[in-house]
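Below is one structure; the comments refer to it alone.
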Amino acid sequence: MTSKGILKIACVLGLGVMLTACRGQLSEKPPIHPNMNMDQQERKEAQEVNKFFDDNRSMRQPVPGTIARGLKKDDTAYYEGVDAQGNWIAENPVELTKSFLYRGQERYDIFCTPCHGGTGDGKGIIMTGGYGYVPAPTYHSDRLREATDGELYSAIYNGVRTMPSYATQIPVEDRWAIVAYIRALQASQNVDESEMNNYDVDLAALQQEYRDEQDRLAALAEARAKEDAPEATPELGEQLVTQNGCIACHNIDGAAGGIGPTWKDLFGFDAEVVTDSGERMTITVDEEYLRESIINPAVKKRVGYEQGVMIAYDYLADHEIDAIVAYIKSLSDN
Ligand code: HEC
Ligand code: HEC
């Protein structure tokens with residue numbers, strides 16, 4: 001046979017082998033795997049015992065003192081907003097540039113405006129809708145103007161009271177960009193009229209626009225409240241105090257040690273209070289006092305709770321306050 005003939009036969013045989021291998025049949029047998037290449041090895045499930053090591057763990061700990069590349073976060077000022085002693089740092093550790101500020105504005109508009117509002121006045125769409133959220137504070141108060149950059153950073157990083165942390169959504173650099181932008185917002189809303197005259201703006205028109213917007217929001221809130229004001233029952237009151245997060249600070253079982261005074265047997269109780277002008281007096285808790293404490297808690301503070309942080313719940317509708325008062329009354333045998 002010629003070598004050409006041998007080649008022909010080899011080709012036909014080869015084709016035959018290939019075709020039989022490609023008939024699309026399922027096989028229970030393992031594939032032929034001539035070169036093992038360490039492809040199959042013993043492996044451990046999470047938490048499985050591994051007798052190879054003294055501590056019998058299959059999940060190995062990092063060698064003491066080692067830190068994975070890129071995970072060394074010893075710059076607490078940058079990552080946590082605090083110095084080595086744990087105090088808020090005063091100033092943004094990131095260099096302030098125009099693009100950084102714009103980045104902050106963009107991120108703020110995405111993550112913070114729904115609650116804190118475009119100007120930081122705490123009147124975001126969620127807050128003005130009457131949905132019963134814990135109100136977001138305005139940034140334009142002396143307290144927050146004087147707050148350090150570290151403290152503002154911490155609100156995003158750790159959350160603050162009922163506001164959750166945004167650390168998982170917002171990376172570190174962006175958090176600082178937002179802090180820088182909040183400072184810009186604060187500056188923009190705290191300008192002297194005389195200073196405004198340096199700018200080419202129609203001050204009277206701006207002021208009118210602002211008043212119109214406030215009126216519009218107030219009318220909106222009032223209309224919503226009237227729309228279908230239900231009866232001011234204790235049951236509604238109970239629902240409202242849950243929705244508004246009051247229970248985070250007040251309990252109803254009389255236990256001591258709450259952030260705010262307990263509501264158990266509060267109605268009719270002779271409470272010692274200190275007024276906003278520093279005068280101490282004893283009052284009997286009645287409906288009027290409860291209303292005042294909800295709408296404007298700073299007027300009379302319970303002795304022993306003066307340091308407490310309760311915001312003014314003046315956004316609640318009348319019937320809602322009535323319902324909460326009825327609920328607190330229902331917790332008392334007095
Ligand atoms: C879902 C609504 C909501 C969003 C979104 C939100 N906040 Fe807040 N924020 C609140 C509420 C409510 C409080 C007040 C919490 C309290 O007093 O219990 C608050 C408080 C704060 C405070 C603290 C003020 C103080 O009194 O000390 C800062 C600062 C702040 N927010 C910044 C931000 C920033 C920055 C963002 C965006 C990254 C943001 N918040 C997003 C609702 C929100
Ligand atoms: C962040 C904590 C906190 C939250 C949330 C809170 N309070 Fe308070 N509350 C306090 C503190 C602290 C005091 C005591 C200081 C004072 O009298 O202002 C207080 C006082 C009061 C008092 C007067 C009690 C007394 O014995 O003098 C009433 C009534 C009251 N709160 C109702 C409410 C209602 C209703 C809500 C929800 C809509 C609410 N609080 C949410 C902390 C809170």
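Every number for a ligand or one of its atoms is a count from 1 in the order of the listing.
Under the 4.0 Å criterion applied to side-chain N and carboxylate O atoms, Arg103 and Asp174 are assigned as salt-bridge partners. Taking the charged nitrogens against the carboxylate oxygens, Asp322 and Arg291 do have a contact shorter than 4.0 Å, which makes a salt bridge. The pair Glu272-Arg280 meets the salt-bridge criterion, since a charged nitrogen lies less than 4.0 angstrom from a carboxylate oxygen.
The closest approach between Pro137 and ligand 1 falls below 4.0 Å for a heavy atom of the residue. The shell of residues lying under 4.0 angstrom from ligand 1, judged by heavy atoms, includes Ile182. The shortest heavy-atom distance from Ile126 to ligand 1 is not under 4.0 Å. Put simply, no part of Ala147 is less than 4.0 Å from ligand 1, judged by heavy atoms. Residue contacts with ligand 1 leave out Tyr133, since none of its heavy atoms falls under 4.0 Å from the ligand. Ligand 2 lies less than 4.0 angstrom from a heavy atom belonging to Gly245. Heavy-atom distances between Ile311 and ligand 1 stay at or above 4.0 Å for every pair.
Nearest to atom 28 (C) of ligand 1 by heavy atom, out of Ser165, Ala155, Ala167, Gly159, is Ala155. Comparing Pro297, Cys249, Gly258 against atom 1 (C) of ligand 2, the shortest heavy-atom distance belongs to Cys249. For atom 33 (C) of ligand 2, the choice among Glu306, Glu292, Met310 with the nearest heavy atom turns out to be Met310.
The proximity of Ile178 to ligand 1, defined as any non-hydrogen pair under 4.0 Å, is limited to the side chain. The residue Pro164 has no part lying near ligand 1, judged by heavy-atom distances below 4.0 Å. When heavy-atom distances to ligand 1 are checked against a 4.0 Å cut-off, Ile170 comes that close only through its side chain, counted from C-beta outward. Within the 4.0 Å heavy-atom criterion, both parts of Cys112, backbone and side chain, lie near ligand 1. Under 4.0 angstrom from ligand 2, there are no non-hydrogen atoms of Leu240. Only the side chain of Tyr139 comes within 4.0 Å of ligand 1, judged by heavy-atom distances. Counting heavy atoms closer than 4.0 Å to ligand 1, residue Arg107 contributes nothing at all. Contacts with ligand 2 closer than 4.0 Å are made by no heavy atom of Phe269, backbone or side chain. Residue contacts with ligand 2 for Tyr305 involve both N, CA, C or O and side-chain atoms from C-beta outward (heavy atoms, distance under 4.0 Å). With a 4.0 Å heavy-atom cut-off, ligand 1 is reached by the backbone of Thr162 and by its side chain too.
Scanning all protein heavy atoms for the shortest distance to atom 26 (O) of ligand 1 gives Arg143 NH2, 2.5 Å. Looking only at heavy atoms of the protein, atom 40 (N) of ligand 1 is closest to His116 NE2, 2.8 Å. Of all protein heavy atoms, the one lying nearest to atom 35 (C) of ligand 2 is Ile324 CG2, 3.6 Å. Scanning all protein heavy atoms for the shortest distance to atom 27 (O) of ligand 2 gives Tyr289 OH, 2.4 Å. The protein heavy-atom contact nearest to atom 11 (C) of ligand 2 is Gly260 CA, 3.6 Å. Atom 38 (C) of ligand 2 has Cys246 SG, 2.6 Å as its closest protein atom, hydrogens excluded (heavy atom only).
Geometrically, Arg60 engages Phe53 in a cation-pi contact, judged by NZ or CZ lying under 6.0 Å from the ring centre and within 45° of the ring axis.
Interface atoms of ligand 1 facing Ile156, defined by a heavy-atom separation under 4.0 Å, are 35 (C). Using a 4.0 Å cut-off to heavy atoms of Leu152, the atoms of ligand 1 that qualify are 29 (C). The distance from ligand 1 to the heavy atoms of Val134 drops below 4.0 Å at these ligand atoms: 12 (C). Against a heavy-atom cut-off of under 4.0 Å, Leu144 is close to the following atoms of ligand 1: 24 (C), 25 (C), 27 (O). Every atom of ligand 2 is numbered from 1 in the order shown, and the set under 4.0 Å from a heavy atom of Leu290 is 29 (C). Within ligand 1, the atoms closer than 4.0 Å to a non-hydrogen atom of Val160 are 15 (C), 20 (C), 21 (C), 22 (C), 23 (C), numbered from 1 in the order shown.
For Trp263, no nitrogen or oxygen atom sits less than 3.5 Å from a nitrogen or oxygen atom of ligand 2, counting backbone and side chain alike. Annotation: Arg302 places an N or O atom under 3.5 Å from an N or O atom of ligand 2; distance criterion only. Taking only nitrogen or oxygen atoms, main chain and side chain alike, Lys301 does not reach within less than 3.5 Å of ligand 2.
Taking CG of Asn92 as the start and CG of Leu152 as the end, the distance is 9.5 Å to the nearest 0.5 Å.
For atom 8 (Fe) of ligand 2, the N/O/S atoms of His250 include one lying under 2.8 Å. Residue side and main chain included, Cys115 places no N/O/S atom under 2.8 Å of atom 8 (Fe) of ligand 1.
For the pair Met310 and Ile294, the tightest heavy-atom approach, listed with the atom from each and the gap, is CE-CA, 3.9 Å.
A side-chain donor-acceptor contact under 3.5 Å links Glu173 and Tyr78.
Ring-plane geometry between Trp263 and Tyr327 is classed as perpendicular, the angle between the planes exceeding 60 degrees on a 0 to 90 degree scale with a lower cut at 30.
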